[in-house]
Student: 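Got a structure here, written out as structure tokens. Questions coming.
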Amino acid sequence: MIIDRAEVIVTSPDRNFVTLKLTTDDGLTGLGDATLNGRELAVVSYLKDHVVPLLLGRDAHRIEDTWQFLYRSAYWRRGPVTMAAIAAVDTALWDIKGKAAGMPVYQLLGGASRTGLLAYGHASGKTTEELFDSIRSHQEQGYRAIRVQTGVPGLKSIYGIASNATFEAMQGVRYDHEPAQRGALPNEEDWDSRVYLRHVPSVFEAVRNEFGPELPLLHDAHHRLTPIQAAKLGKSLEPYDLFWLEDVTPAENQEALRLVRQHTATPLAIGEIFNTVWDYQQIIREQLIDYVRSAVTHTGGISHLKKVLDYAAQYQIKSGMHGPTDISPVGMAAAMHLGLSIHNFGIQEYMKHGAKTDQVFQQSFTWTDGRLHPGDQPGLGVELDTDEAGRYPYVQAYLPYNRLADGTVHDW
Ligand SMILES: O=NC(=O)[C@@H](O)[C@H](O)[C@H](O)CO
Ligand SMILES: [Co+2]
């Protein structure tokens, strides 16, 4: 079963997506998500100019050999562009192998370890009442776990809040921070850690008082705090029993999490911007986190993220795969197949894609009673309508960035 065609399809229905489509000599096709939000065209070139010529003529069955060949023959190791490109190839080959076997990918990975995948959604609101509306709306949509992000007094715009606050309005104006904002330059936003640290505990106090102790609540600090500030936040949120506190501090310096861990028992989730097991090695080995946040799309594909999660399982660390709208339906399907099969599944982030995206990508996953299931179609269960995709050309788009009051650039 030889790869004899490889296409890199860029489409921008509700936001930019990059998809690799491989076709074999016996007509089987496989899809891989290669979307890197705000830097999409770098992966397009990496695939088109450097990887596709190496794939044509290769045996599509040899997934591990292809992965090792692409990882080692590049010479230059790791990084988001390289690992997103390798992820797309790996995922597309698993899709093909599933179709060749007549089985959904999760069956090839060892079969189902659970009936469905607990998912969480993104409630947000500039004010407490808008936040409460958003939480109720997510509960009505069936979410059993909810991420809470709010405005911060004195800050003009902030991560995780829809540009148009009320949830009803969001039905039309979707929470749009994930799909990088379209435009020639990144939007500058403002930030103040001290105001944020004072404000967040009061938000969770209000949410717990309104919604009770049971509802699993998550929060994303989005890389903005120093380790001691992260420790302070984790400790101040302990009375509210969070499911997890995410990206509390930039984790390139993995040992920074030692300080946070010394001060708080709030569970920690890290890794959505990581791209290989080496980014995790210390924080897994020292049990400095509780959830691995990587998406299949950014971490070398199904093959590599499975290795990361199998390593994490030895330290009782679970998956918490990244699932914003800039993970395409192909990437989400790969996450669901992997999540269904592993023992140490934790939770799946699930932001619903837009209607135009669902027109471009035909999906077969189900969302029932707050749990996702990839479905039982052979392969990943996603097909891409190339004609529909052709209707939405790429649009330059960037993620925002932060500056502090004195103009210093800060993590967004
Ligand atoms: O937990 N989810 C997140 O942090 C996302 O909102 C990321 O900022 C975007 O997906 C980046 O493209
Ligand atoms: Co995050």
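Both ligands and their constituent atoms are indexed starting at 1 by order of listing. Bear in mind the structure is a predicted one, so any value in this text is a computation, not a measurement.
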Student: With respect to the Co ion (ligand 2), what is the nearest N, O or S atom of Glu246?
Tutor: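 Looking only at N, O and S atoms of Glu246, the one nearest the Co ion (ligand 2) is named OE2.
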Student: If the cut-off is 4.0 Å to any non-hydrogen atom of Glu246, which atoms of ligand 1 fall inside it?
Tutor: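 Selected atoms, number and element: 1 (O), 2 (N).
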Student: Is there a donor-acceptor contact under 3.5 Å from the side chain of Asp33 to the main chain of Thr19?
Tutor: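 Here the side-chain-to-backbone pair does not exist.
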Student: Quick check: does any side chain N or O of Thr24 sit under 3.5 Å from a backbone N or O of Leu28, one acting as donor and the other as acceptor?
Tutor: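 Indeed, once roles are kept as given, a pair shorter than 3.5 Å links the two residues.
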Student: Within ligand 1, which atoms have a heavy atom of Asp326 less than 4.0 Å away?
Tutor: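 Those of ligand 1 that fall under 4.0 Å from Asp326 are 9 (C), 10 (O), 11 (C), 12 (O).
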Student: Evaluate Tyr120 for polar contact with ligand 1, using N/O atom pairs at a separation under 3.5 Å.
Tutor: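 It does not: no N or O of Tyr120 is found under 3.5 Å from an N or O of ligand 1.
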Student: Against heavy atoms of Trp412, which atoms of ligand 1 measure under 4.0 Å?
Tutor: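 Going through ligand 1 atom by atom, the ones under 4.0 Å from Trp412 are 8 (O).
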Student: Going by the order shown, which atoms of ligand 1 are within less than 4.0 Å of some heavy atom of Leu399?
Tutor: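 Counting from 1, the qualifying ligand atoms are 11 (C), 12 (O).
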Student: Pairs of nitrogen or oxygen atoms closer than 3.5 Å, one from His122 and one from ligand 1: do any exist?
Tutor: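 N/O-N/O distance under 3.5 Å: no.
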Student: Should Asp358 and Lys352 count as an ion pair when the cut-off is N to O under 4.0 Å?
Tutor: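 No, this pair does not count.
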Student: Which of the numbered atoms in ligand 1 are under 4.0 angstrom from any heavy atom belonging to Pro324?
Tutor: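 Selected atoms, number and element: 10 (O).
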Student: Give a yes or no on whether the ring-centroid distance for Trp76 and Tyr71 is below 6.0 angstrom.
Tutor: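 Ring-ring flag for Trp76/Tyr71: false, centres at least 6.0 Å apart.
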Student: Between Glu349 and Arg293, does at least one N-O distance fall below 4.0 Å, as a salt bridge requires?
Tutor: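 Salt bridge flag = yes for Arg293 with Glu349.
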Student: Does the side chain of Tyr291 reach to within under 4.5 Å of the side chain of Glu246, using non-hydrogen atoms?
Tutor: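 Side-chain contact under 4.5 Å: no.
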Student: Does Trp94 have Lys99 sitting over its ring (NZ/CZ under 6.0 Å from centre, angle to axis within 45°)?
Tutor: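 Not flagged: Lys99 not positioned over aromatic ring of Trp94.
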Student: Could you tell me whether some N/O pair between His322 and ligand 1 is separated by less than 3.5 angstrom?
Tutor: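 So ligand 1 has an N or O lying under 3.5 Å from an N or O of His322.
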Student: Assess whether a salt bridge exists between Lys48 and Glu7, defined as any Lys/Arg side-chain N lying under 4.0 Å from an Asp/Glu carboxylate O.
Tutor: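 A salt bridge is absent here (no side-chain N lies under 4.0 Å from a carboxylate O).
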Student: Give the atoms of ligand 1, by number and element, whose distance to some non-hydrogen atom of Asp220 is under 4.0 Å.
Tutor: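 Counting atoms of ligand 1 from 1, those under 4.0 Å from Asp220 are 1 (O), 2 (N), 3 (C), 4 (O).
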Student: State the atom name: nearest N, O or S atom of Glu272 to the Co ion (ligand 2).
Tutor: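 This turns out to be OE1.
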Student: Please identify which atoms of ligand 1 are closer than 4.0 Å to at least one heavy atom of Arg147.
Tutor: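 Those of ligand 1 that fall under 4.0 Å from Arg147 are 1 (O), 2 (N).
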Student: Could you check which N/O/S atom of Asp220 is closest to the Co ion (ligand 2)?
Tutor: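 Looking at Asp220, the N, O or S atom with the least distance to the Co ion (ligand 2) is OD2.
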Student: Give the minimum heavy-atom separation between Ile135 and Ala123, together with the two atoms involved.
Tutor: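 Residues Ile135 and Ala123, closest heavy atoms: CG1-CB, 3.7 Å.
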Student: Among His223, His222, His298, whose heavy atom sits nearest atom 8 (O) of ligand 1?
Tutor: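 Going through His223, His222, His298 one by one, His222 has the nearest heavy atom to atom 8 (O) of ligand 1.
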Student: Is Tyr280 reaching over with its side chain to a backbone N or O of Gly271, donor-acceptor style, under 3.5 angstrom?
Tutor: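 Pair found, side chain donor or acceptor close to backbone of Gly271.
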Student: Taking heavy atoms and a distance under 4.0 Å, where does Asp247 meet ligand 1: side chain, backbone, both or neither?
Tutor: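 No part of Asp247 is near ligand 1 at this cut-off.
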